[in-house]
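What's counted below: heavy atoms across the whole structure, side chains too, no hydrogens, waters or symmetry copies. Each residue takes its place number in the sequence, starting with 1. Numbering of ligands and ligand atoms starts at 1, following listing order.
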Amino acid sequence: MTTKQPVLLKPFERPEYAYEKLRRCRGCAAYTVLQEKECPSCHKHKLIPLEHEALSRAKLSMWFERLVVLVLGVAAVYFAGEDVPLLALALGGGILALVLLWRVQLRMLPQQTLRRLGQMLEREGDRIVHGLMEDREDAIEVFRSGDKPRTYEMLREIGYLMRTDPIKMEQVLLLQTFILRKDMDLMLEPLLMDHFNVDLAAYIGEIARLQRDLIKEKTFRYVMVYESEFRRMEGGEDILALVAAAAVRRSRYVKLYPHLLMRYAHRLPKDRFMRLYRIIAERPAAYRDELVTETYRVYKEKYQV
Ligand SMILES: [Zn+2]
């Protein structure tokens with residue numbers, strides 16, 4: 001077994017939308033999620049967030065519309081010739097049209113920016129995927145240089161947009177080489193894969209021990225689906241008991257995962273078991289009969305004085 005290393009990981013920013021992580025180069029149109037200063041492709045300092053690019057595109061098309069109205073206004077003035085009332089009408093009408101357009105455009109700017117953003121994501125999808133693949137190549141280079149924490153941080157950024165099993169697996173493998181701590185900015189649900197993975201299972205055990213608040217529905221479901229695989233692995237029963245202990249923190253989880261709790265009630269640490277006992281004793285009718293029976297049995301056997 002390899003020895004684990006102590007590491008310092010940067011906190012991870014979680015924007016509301018994953019695309020907010022993306023930046024686009026104004027020099028070569030390459031995309032990246034790595035928070036570097038220079039473009040990984042052309043090395044120019046021309047990376048800007050996708051939203052900024054969408055905003056400037058929206059503004060550019062608005063300037064074009066204003067230009068069209070202006071040209072029409074000038075043409076009207078020109079054709080009015082020396083007819084003063086007509087000239088006044090053309091001039092006034094042109095200015096009014098321009099002011100109105102400007103006001104409408106100002107109000108439309110947020111929607112137009114969003115529309116441009118949608119267009120870019122749709123039309124430049126291949127380019128974005130290519131950028132993420134390039135980012136991953138860079139991460140592999142950093143891994144080869146021996147900087148595992150930095151590699152993990154890079155994969156974490158890439159994985160926020162590219163949710164594929166290989167990228168999840170690489171992150172989990174790296175995490176398993178670190179000494180994890182309670183105060184670290186860790187994640188679990190984005191790393192759950194579509195199949196059983198021993199390293200992920202071991203990582204779930206560590207999270208259940210260190211940051212049980214990260215264990216939520218998706219993880220409970222993963223554990224229940226692959227319960228027999230967990231049991232077959234070394235230390236798997238301990239992991240299941242830790243996950244069961246994490247389920248006790250909410251009565252809702254006790255209701256949703258009675259089988260998990262039934263099987264591991266006897267292995268829960270005393271404080272966790274007593275919490276389960278109190279939840280059930282308060283409203284036994286709300287929980288699965290077998291779970292109620294098992295909880296009372298364990299209570300009688302181990303804790304009743
Ligand atoms: Zn570039």
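- Of all heavy-atom pairs spanning Lys4 and Glu206, the tightest one is NZ-OE2, 2.9 Å.
- When ring centroids are compared, Tyr277 and Tyr303 stay outside the 6.0 Å threshold.
- Between Asp185 and Arg156 no salt bridge is recorded (no basic side-chain N to carboxylate O distance below 4.0 Å).
- Counting heavy atoms from C-beta on, the side chains of Leu261 and Tyr253 never come closer than 4.5 Å.
- Residue Arg232 holds its CZ atom at 11.0 Å from CD of Glu227, rounded to the nearest 0.5 Å.
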Could you pull out every donor-acceptor pair under 3.5 Å between side chains of residues 218-226 and any protein atom, sequence neighbours left out?
unit_1	atom_1	unit_2	atom_2	d
Tyr222	OH	His195	O	2.7
Tyr222	OH	Asn197	N	3.2
Tyr226	OH	Asp194	O	3.1

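- Atoms of the protein (N, O or S only) found under 2.8 Å from the Zn ion (ligand 1) are Cys25 SG, Cys28 SG, Cys39 SG, Cys42 SG.
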